[in-house]
Amino acid sequence: EDQVTQSPEALRLQEGESSSLNCSYTVSGLRGLFWYRQDPGKGPEFLFTLYSAGEEKEKERLKATLTKKESFLHITAPKPEDSATYLCAVPNAGNNRKLIWGLGTSLAVNP
Amino acid sequence: DTEVTQTPKHLVMGMTNKKSLKCEQHMGHRAMYWYKQKAKKPPELMFVYSYEKLSINESVPSRFSPECPNSSLLNLHLHALQPEDSALYLCASSSTTGKLTDTQYFGPGTRLTVL
């Protein structure tokens, strides 16, 4: 069964303290992995799409990497404004318009 | 520009009311989506339109009725809702290149409260 698991559920960091969020997946024939950021009461904001193992993408303090079993979202020197829930999703093997979502990692960055 | 707009931002309705949620995108995307999201849960897919035709209905109750008048607009008509339908309703759109999975871009959502 296709599945996405994110860890940790919650993470609290001090400003400037780098860390990584994990998204592990089991799906046959990966056709993409998506990272989104979501602030409370708002829609998910697109961050990255990764399509193949070994691929890396960066945006400001964020870097996403992909292996055959998992993806990491590395946050370097985070700031309080990086506080949000980070969601990972992969397309369903049977229909790529249907995304399978992880439950998210709630990140809090203290000043 | 990767903007999807949704109106209204907030909606409060009684169980006997009829209301509509609206979504618009001008990115030339030909796939549009409705999601429902409860607190501390990921988005839950409701409907997908592809080239203005309904392609996925995730067994959503008939009190939710989607409509895609043209390639830029998506509506969700609401009638006789229940309090448990209170949630954040999200619209998304994506291109339809067909080679790999196209990225879905989300709107800001409509916060719906059913009294």
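Convention: sequence-line order gives letters A, B, ...; per-chain numbering from 1.
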A.B. asks: Can you hop from W34(B) to L78(B) via hydrophobic side chains spaced under 4.5 Å?
C.D. replies: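 Yes.
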
A.B. asks: Would a single hydrophobic cluster contain both V12(B) and L81(B), if residues Ile, Leu, Val, Met, Phe, Trp and Tyr are joined by side-chain heavy-atom contacts under 4.5 Å?
C.D. replies: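 No, because L81(B) and V12(B) fall into different hydrophobic clusters, even though each may have its own neighbours under 4.5 Å.
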
A.B. asks: In the single-linkage hydrophobic clustering (I, L, V, M, F, W, Y; side-chain heavy atoms under 4.5 Å), do L76(B) and V114(B) co-cluster?
C.D. replies: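 Shared cluster, yes.
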
A.B. asks: Do Y33(B) and L99(A) have side chains that get closer than 4.5 Å, going by heavy atoms?
C.D. replies: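 No, too far: nothing below the 4.5 Å cut-off.
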
A.B. asks: Can you tell which part of E45(A) gets under 4.5 Å to a heavy atom of chain B, answering side chain, backbone, both or neither?
C.D. replies: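 Neither the backbone nor the side chain of E45(A) comes within 4.5 Å of chain B.
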
A.B. asks: Using a cut-off of under 4.5 Å on heavy-atom pairs, state which of G107(B), P43(B), G109(B) scores highest against chain A.
C.D. replies: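 Heavy-atom pair counts peak at P43(B).
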
A.B. asks: Is it the backbone or the side chain of E44(B) that comes under 4.5 Å from a heavy atom of chain A, or both, or neither?
C.D. replies: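 For E44(B), no heavy atom lies under 4.5 Å from chain A.
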
A.B. asks: For K41(B), look at atom NZ and say whether over 12 heavy atoms of other residues, nucleotides or ligands are found less than 6.0 Å away.
C.D. replies: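 Open: at most 12 neighbouring heavy atoms sit under 6.0 Å from NZ of K41(B).
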
A.B. asks: Apply the side chain to side chain donor-acceptor pair (under 3.5 Å) test between T49(A) and each candidate in T103(B), T101(B), D102(B); give the one that qualifies.
C.D. replies: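 The single option meeting the side chain to side chain donor-acceptor pair (under 3.5 Å) with T49(A) is T103(B).
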
A.B. asks: Is there side-chain contact between V4(A) and P42(B), with at least one heavy-atom pair below 4.5 Å?
C.D. replies: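 A side-chain contact is absent here, since even the closest heavy-atom pair is not under 4.5 Å.
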
A.B. asks: Are R97(A) and S94(B) close enough that some pair of their side-chain heavy atoms sits under 4.5 Å apart?
C.D. replies: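 The answer is yes, as the side chains (C-beta and beyond) meet within the 4.5 Å cut-off.
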
A.B. asks: Looking at every heavy atom in both K98(A) and L45(B), which two are closest together, and how far apart are they?
C.D. replies: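 Where K98(A) meets L45(B) most closely, the heavy atoms are CG-CD2, 3.7 Å.
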
A.B. asks: Give the minimum heavy-atom separation between P44(A) and L90(B), together with the two atoms involved.
C.D. replies: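 Between these two residues, the closest heavy atoms are CD-CD1, 3.7 Å.
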
A.B. asks: Is L11(A) atom CG crowded by more than 12 heavy atoms from other residues, nucleotides or ligands, each under 6.0 Å away?
C.D. replies: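 Buried by this count: over 12 neighbours within 6.0 Å.
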
A.B. asks: I'd like to know if L87(A) and L107(A) are part of one continuous hydrophobic network [Ile/Leu/Val/Met/Phe/Trp/Tyr, side-chain heavy atoms within less than 4.5 Å].
C.D. replies: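 L107(A) and L87(A): separate clusters.
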
A.B. asks: Identify which part of D39(A) has an atom lying under 4.5 Å from any heavy atom of chain B, answering side chain, backbone, both or neither.
C.D. replies: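 Contact with chain B is absent: no heavy atom of D39(A) under 4.5 Å.
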
A.B. asks: Take a 6.0 Å sphere around NZ of K38(B) and say whether it holds more than 12 heavy atoms from other residues, nucleotides or ligands.
C.D. replies: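 For K38(B), atom NZ is crowded (more than 12 foreign heavy atoms under 6.0 Å).
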
A.B. asks: Relative to chain A, which segment of Q37(B) carries a heavy atom at a distance below 4.5 Å: side chain, backbone, both, or neither?
C.D. replies: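 Only the side chain of Q37(B) comes within 4.5 Å of chain A.
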
A.B. asks: Count the heavy atoms belonging to other residues, nucleotides or ligands that lie under 6.0 Å from CD of E81(A), then report whether that count exceeds 12.
C.D. replies: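 It does: E81(A) CD has more than 12 such atoms within range.
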
A.B. asks: Can you tell which of G104(A), S106(A), P91(A) has the highest number of heavy-atom pairs within less than 4.5 Å of chain B?
C.D. replies: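 So the answer, after comparing G104(A), S106(A), P91(A), is P91(A).
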
